[in-house]
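In this chain, residues are counted from 1 in sequence order.
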Amino acid sequence: MRNLFRKKSIEQIKADAAAGFTAHDFSELEGGTHLRRSLGLFDLTMLGIAAIIGAGIFAMVGQASYDGGPAVIFLFVFSAIACGFAALCYAEFASRIPIAGSAYTYTYASMGELIAWIIGWDLIVEYAIGNIAVAISWSDYFTGMLRGYGINIPAYLTMDYLTASRTFEDSHKVIEGAIAQGQTLEAMRNMSGDALGQISEGLTPRVVEAYAAWNSAPVVGGWHVVVDLPALMITFFITTLVFIGIRESKLAANVMTILKIGIILLVISLGFNYVQPENWSPFAPNGVEGILKGVAGVFFAYIGFDALATTAEEAKDPHRDLPKAMILSLVICTVLYVALALVLTGMVSYKFLNVGDPLAFVFGPEGVNIPWVAQVIAVSAVIAIGTVFLVFQLGQPRLWMAMSRDGLLPKIFSSIHPKFKTPWFSTIITGLVVAIPALFMNLEEVTDLTVIGTLFAFVLVCAGMLVKDKEFEGSKRFVPHINSRFILLPLLLAVLFTVYYFNPTMFSDFFSVVPEGDESWLRALSHKIPMTVYLLVAAGIVGASLWKNISLIPCLGLLSCGYLMTELGITNWERFGIWLAIGLLIYFFYGYKNSNLNKAENEPLPADGPPPPDAAEELKEEEE
């Protein structure tokens, strides 16, 4: 059991990266093949903004604003604070362990191999599987943009197979009923959601598009050929860009990110002129409960800054630039998000923002009616989601590369291309993992799974900081040590009192079990499990803060991110548990016995253990 939590020292992690090989057999050293260091502070900050600002702000801010009203800005601020605490912990680790692998590498050094494997497997949800949803989302925006310019791609080439087949089976009678009333399929494809709803309650643009895709698709061997071709195209293009080099990737990310920020500033500045202050009243129409409904969507808008840590070995000065870039990108995005939410809820009433494209909506006919701005927003959404896709496609191969170096994955995953200096095999596999499911599968449900997986990673990184806190004493620290003994408990009590003031039924709501619909009493009770677990963990942390001299910032990061996890519902916890169980099976059947640390225990390294001086010297020269 003790071997499951064996750790790699920070020195050993750096030595393995310096050697540039995948096993502890130094005879396999191939002249020091490393990643190319070409990312400065500006590049890293742009990559962080590129990863954060994407589909979350262009789509999900509408639903969050509808649920919470103008007060949704508090949820943006709270999510930013939660991410900020986690970002400070990431920054501390990044300044000490400037190695690709992000939370996986940090956890290996602080909490041991099993937890590191769990977090590495968990991050696949954020990067690779999350990018499947990003590819599908990009495809929707791209085809919508083309349609605005009169370019129509056949519906069966713009939708995944499962969505088309399931929607056709569930809703074909509604469409056929509308056609029987004199409507045409082509006319309905050009109608807004409100216009379709007036024809029939079950009609939506998505239903009409799915029916058109299924009905017009070629049939081969009894199978309807329905594939999401734009999702395949963006995956192929971005994967190729990531494959050929980090310099090309950073140039593309910088250009697209600057353009994206410019368009968002245009929306804020132009929209400010149309703000009607009366739309901000009431400020929190649905109370605290309404604000918290948007947790998944708002937090999804912040996901991405942690992907910067996977580029540590391609940063010119990772010790200095990585921590600064994480904090800068988070601060810049928070300011933009709050300003954007205030402008949107000021231009039109929150009651009308329950739409998939809120930015375009407020400038459309039902808003201030400036058509050219709506077209610009459509283009910017395509660019924004494209940059998110780029950064996550950068992150996943480098995570697999780090795991492969440690023996937890086959060696080929850490193979570096001799010309392009990129993890070529991991990049190709990442492209396939995203492209194939995005062609045929509807994975919209992975949005919540991506959020809970990312929050779990944040929680473990914060916990890792608590574990390594004493080791970091006496050395230069990026995150100062603040004794939590006399601060944490009063702070939590103040937060609890504030929440109770605005939501006086919080205690009775927690202790009451009310089944909804056909739900059983036990199933209704299960919804209380995440909060119950959280309260027990929180009590343990408070107790530890009173008993020991533990650092405040990691505690606040762990508690705030842990609370956001409780708001995602028991269903997402169950899916996440199944995903982790699959990962544990792979670890025990392959990773455990092939781990470099396991091999080192059975076949001890030579007495001169550290890697050849040439390799370490090469890394030192690259860092300088």
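- Aromatic rings of F511 and F507 (six-membered ring for Trp) have centroids beyond the 6.0 Å cut-off, not under it.
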Practice task
Please test F458 against F85 for ring-ring contact (aromatic ring centres under 6.0 Å, His included), starting from the C-alpha separation and ending with a verdict.
Solution key: CA-CA 9 Å; F458 289 1; F85 291 136; over 10 Å; no

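- Judged by distance alone, the side chains of E516 and H527 never bring a donor and an acceptor atom under 3.5 Å apart.
- Between the S65 side chain and the T345 main chain, no donor and acceptor come within less than 3.5 Å of each other.
- Side chain of D406 to backbone of L408: no donor-acceptor contact under 3.5 angstrom is found.
- Judged by distance alone, the side chain of R405 and the main-chain N or O of M401 form no donor-acceptor pair under 3.5 Å.
- In this structure, the side chain of K7 engages the main chain of S110 through a donor-acceptor pair within 3.5 Å.
- Under the 6.0 Å distance and 45° angle rule, R6 counts as a cation-pi partner of Y592.
- For the pair T430 and W400, the minimum side-chain heavy-atom distance is below 4.5 Å.
- Residues D43 and D321 have side chains not in contact (no heavy-atom distance under 4.5 Å, counting atoms from C-beta outward).
- At least one side-chain heavy atom of I52 sits less than 4.5 Å from a side-chain heavy atom of Y337.
- Put simply, the side chain of S595 never gets that close to the backbone of G591: no donor and acceptor are under 3.5 Å apart.
- The shortest distance between side-chain heavy atoms of W121 and Y587 does not fall below 4.5 Å.
- Under 3.5 Å, the side chains of N131 and Q396 contain no donor-acceptor pair of N or O atoms.
- With sequence neighbours excluded, the residues satisfying side chain to side chain donor-acceptor pair (under 3.5 Å) with D67 are Q63.
- Between the side chain of S79 and the backbone N or O of F76, no donor-acceptor pair lies under 3.5 Å.
- In this structure, L556 CG and S551 OG are separated by 9.0 Å, a value rounded to the nearest 0.5 Å.
- Counting only heavy atoms from C-beta outward, the side chains of I586 and W117 approach each other to under 4.5 Å.
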Exercise for the section: Kindly indicate, with the supporting measurements, whether the criterion side chain to side chain contact (heavy atoms under 4.5 Å, CB included) is fulfilled by E113 and L4. Expected result: CA-CA 6 Å; E113 185 173 282; L4 294 176; over 6 Å; no

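- Of all the heavy atoms in L330 and A87, the pair that sits closest is CD2-CB, 4.0 Å.
- In this structure, CG in L322 is found 13.5 Å from NZ in K316, a value given to the nearest 0.5 Å.
- With sequence neighbours left out, P323 forms a side-chain contact (heavy atoms from CB on, under 4.5 Å) with A91, S95, F478.
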Problem - Criterion side chain to side chain contact (heavy atoms under 4.5 Å, CB included) on L492 and L559, from CA distance to verdict - result: CA-CA 10 Å; L492 291 180; L559 290 171; 3.9 Å; yes

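- Side-chain atoms of S426 do not come within 3.5 Å of backbone N or O of P423 as any donor-acceptor pair.
- Residues G120 and L399 share a closest heavy-atom pair of O-CD2, 3.6 Å.
- Using a 4.5 Å cut-off on side-chain heavy atoms (C-beta onward), L584 and L114 make contact.
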Exercise for the section: Kindly indicate, with the supporting measurements, whether the criterion ring-ring contact (aromatic ring centres under 6.0 Å, His included) is fulfilled by Y108 and Y104. Expected result: CA-CA 6 Å; Y108 213 148; Y104 161 77; 5.7 Å; yes

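- Note that CD1 of I553 and CG of L558 are 13.5 Å apart. Values are rounded to the nearest 0.5 Å.
- Taking each heavy atom of T334 and A80 in turn, the nearest pair found is OG1-CB, 3.2 Å.
- Interatomic distance, CD1 of I115 versus CG of L460, reported as 6.5 Å (0.5 Å rounding).
- In this structure, the side chains of Y106 and M465 stay at 4.5 Å or more apart for every pair of heavy atoms.
- Scanning both residues, L466 and C555, for their nearest heavy atoms gives CD2-SG, 4.0 Å.
- Interatomic distance, L344 CG to L353 CG, rounded to the nearest 0.5 Å: 6.5 Å.
- Taking each heavy atom of P530 and T566 in turn, the nearest pair found is O-CG2, 3.6 Å.
- Taking every heavy atom of both residues into account, A457 and I119 meet most closely at CA-CD1, 3.1 Å.
- Of the possible polar contacts, one joining the S404 side chain to the S414 backbone as a donor-acceptor pair under 3.5 Å is found.
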Exercise for the section: Applying side chain to side chain contact (heavy atoms under 4.5 Å, CB included), run through M111 and F5 and close with a yes or a no. Expected result: CA-CA 7 Å; M111 303 178 75; F5 300 97; over 6 Å; no

Exercise for the section: Walk me through it: do H481 and N549 pass the test side chain to side chain contact (heavy atoms under 4.5 Å, CB included)? Expected result: CA-CA 10 Å; H481 176 92; N549 181 25; 3.3 Å; yes

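- For OH of Y350, the number of neighbouring non-hydrogen atoms (other residues, nucleotides, ligands) closer than 6.0 Å is greater than 12.
- Judged by distance alone, the side chain of W573 and the main-chain N or O of L568 form no donor-acceptor pair under 3.5 Å.
- Proximity of P490 to L493: side-chain heavy atoms (C-beta onward) are nowhere separated by under 4.5 Å.
- Atom-to-atom distance recorded for M403:CE and T105:OG1 is 9.5 Å, nearest 0.5 angstrom.
- By the 6.0 Å contact criterion, CZ on F510 is enclosed, its count of non-hydrogen atoms from other residues, nucleotides or ligands being greater than 12.
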